[in-house]
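Structure first, commentary second.
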Amino acid sequence: MSVQDTTEDLAAFTRDWKEWHTGQEERLADPHGFLAVTGLHWLGEEPQRFPDAPGAWSTGADGVVVLLDEGEELVVDVVPVHGEHRFGVLPERGGVEAVWGEAVIEVARRGGHDIVRPRHPDAPLRTTYTGTPAYAPHPRWVVTGRYTAFDEPRPTTVGAAVEGLEHVYDAPGRVAFELDGQPLALTAFPGHGPGGLLVLFTDATSGVTTYAANRSLALAPPAADGTVVLDFNRATNLPCAYTDLATCPLPPAENRLPVAIEAGEKIPRERGGS
């Protein structure tokens, strides 16, 4: 391959990455994205009012309930609701988004607890956001690994960005790969699409140039022979990298890689990155 071909390939690789990264930034800075979160409220049996959401909120055996005062309204599944509204029992990692004027009130269950997490477009974290720094993309950080499914999904308990909270995932398998000749492996969690995988990891850059607690990497479904591509240029921060109002999971202990993966998103400027 000529030098010109190599340069053109790198330019195309960089364009693809920039297009992907722009999409990431747009999702993060959405008017009701995670940068718009203004509070993380933990619900109990006693009704509570919060400054950034309407109504008095509580939870119990029958799930989350809000009691709206006269003149207060939420829109749930495009239906306006008044007075008492029961959201019911929410599934773990599930939730409902209720509209309140320009805001969205997220009602969710995380780590076995019901929460209310309002999202306001005018939140300072969102309105002052200037983008996430990242390493320049390079093909050397694209590696082919091999996925091996466990005989049965393994319940895997991990910590969370919120102290004392735990998340449990059914890990379907592990991905083995090499980086600079060093054999490595990552426990995988279910991804967002059918057959897709998600790995949470730290590495030798964590706490130095990348966020200390975790980064995530989405993987396409493995091929029939188990091969799967890991493009660490697309390693992303989770919401906890930007705000303390997130309950993000931490990587399992075996996903703490002993190498420096100088690729993907860096420490956000909101946490002192540059």
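The first residue of the sequence shown is numbered 1, and numbering continues consecutively from there.
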May I ask whether [X] and [Y] are part of the same hydrophobic cluster, defined by side-chain heavy atoms of I, L, V, M, F, W, Y residues being less than 4.5 angstrom apart, directly or through others?
X    : Y    : answer
L67  : L74  : no
L90  : Y169 : no
V199 : I261 : yes
V65  : L68  : no
V162 : V116 : no

Could you tell me if the side chain of [Y] sits less than 4.5 Å from the side chain of [X], heavy atoms only?
X    : Y    : value
T236 : Q24  : yes
R49  : W57  : no
T127 : Y129 : no
V259 : D180 : no
P118 : F50  : no
L179 : V143 : yes
R117 : I105 : no
H82  : P80  : yes

*asked:* Determine whether the aromatic ring centres of residues F232 and F201 are separated by less than 6.0 angstrom.
replied: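 Yes.
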Return the minimal non-hydrogen interatomic distance between [X] and [Y], and the atom names on each side.
X    : Y    : answer
A123 : L35  : CB-O, 3.8 Å
A241 : P268 : O-CG, 3.4 Å
V158 : P251 : CG1-C, 4.2 Å
H120 : W100 : CE1-CZ3, 3.8 Å
A235 : A263 : CB-O, 4.5 Å
L245 : G39  : CD1-N, 3.5 Å

Greater than 12 external heavy atoms within 6.0 Å of [X]'s [atom1]:
X    : atom1 : result
E92  : CD    : yes
R154 : CZ    : no
D62  : CG    : no

Main-chain N/O of [Y] paired to [X] side chain as donor or acceptor, under 3.5 Å:
X    : Y    : result
E72  : D69  : yes
E46  : S58  : no
R269 : G131 : yes
R110 : G94  : yes
N255 : T187 : yes
N233 : H138 : yes

*Salt-bridged, E254 to R256, with N to O below 4.0 Å?*
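No, no charged N to carboxylate O under 4.0 Å.
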Interatomic spacing from [atom1] in [X] to [atom2] in [Y] - rounded to 0.5 Å:
X    : Y    : atom1 : atom2 : result
D52  : T38  : CG    : OG1   : 3.5 Å
D244 : L40  : CG    : CG    : 10.0 Å
R126 : H32  : CZ    : NE2   : 8.0 Å
C240 : N214 : SG    : CG    : 4.0 Å
T210 : E265 : OG1   : CD    : 11.0 Å
D30  : R119 : CG    : CZ    : 9.0 Å

*Determine, stepwise, if the pair L238 / L200 fulfils side-chain contact (heavy atoms from CB on, under 4.5 Å).*
CA-CA 9 Å; L238 292 176; L200 305 176; 4.0 Å; yes
*Cut-off 3.5 Å, side chains only: do Y135 and T209 have a donor facing an acceptor?*
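Indeed, the side chains of Y135 and T209 share at least one donor-acceptor pair under 3.5 Å.
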_For T227 and T144, which I'm curious about, is there any donor-acceptor pair between the side chains at under 3.5 Å?_
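No, because no side-chain N or O of T227 sits under 3.5 Å from a partner of the opposite role on T144.
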*Relative to Y211, does K266 satisfy both conditions: NZ or CZ under 6.0 angstrom from the six-membered ring centre, and within 45 degrees of the ring's axis?*
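Not flagged: K266 not positioned over aromatic ring of Y211.
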*Where do N237 and Y242 land on the side-chain contact (heavy atoms from CB on, under 4.5 Å) test, with the steps shown first?*
CA-CA 8 Å; N237 292 321; Y242 302 88; 3.4 Å; yes
*Take L230 and V175, measure what side-chain contact (heavy atoms from CB on, under 4.5 Å) needs, and give me the verdict at the end.*
CA-CA 9 Å; L230 300 93; V175 177; 3.9 Å; yes
_Evaluation steps, salt bridge (charged side-chain N to carboxylate O under 4.0 Å, His left out), between E84 and R86_ = CA-CA 7 Å; E84 182 181 86; R86 295 182 174 272; 3.4 Å; yes
*How far apart are the C-alpha atoms of D203 and R215, what are their side-chain angles, what is the distance that settles it, and do they pass the side-chain contact (heavy atoms from CB on, under 4.5 Å) test?*
CA-CA 9 Å; D203 65 278; R215 284 194 290 166; 3.0 Å; yes
*Using the ring of each side chain (for Trp, its six-membered ring), is H85 parallel, tilted or perpendicular to F87, with breaks at 30° and 60°?*
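H85 vs F87 ring planes: perpendicular.
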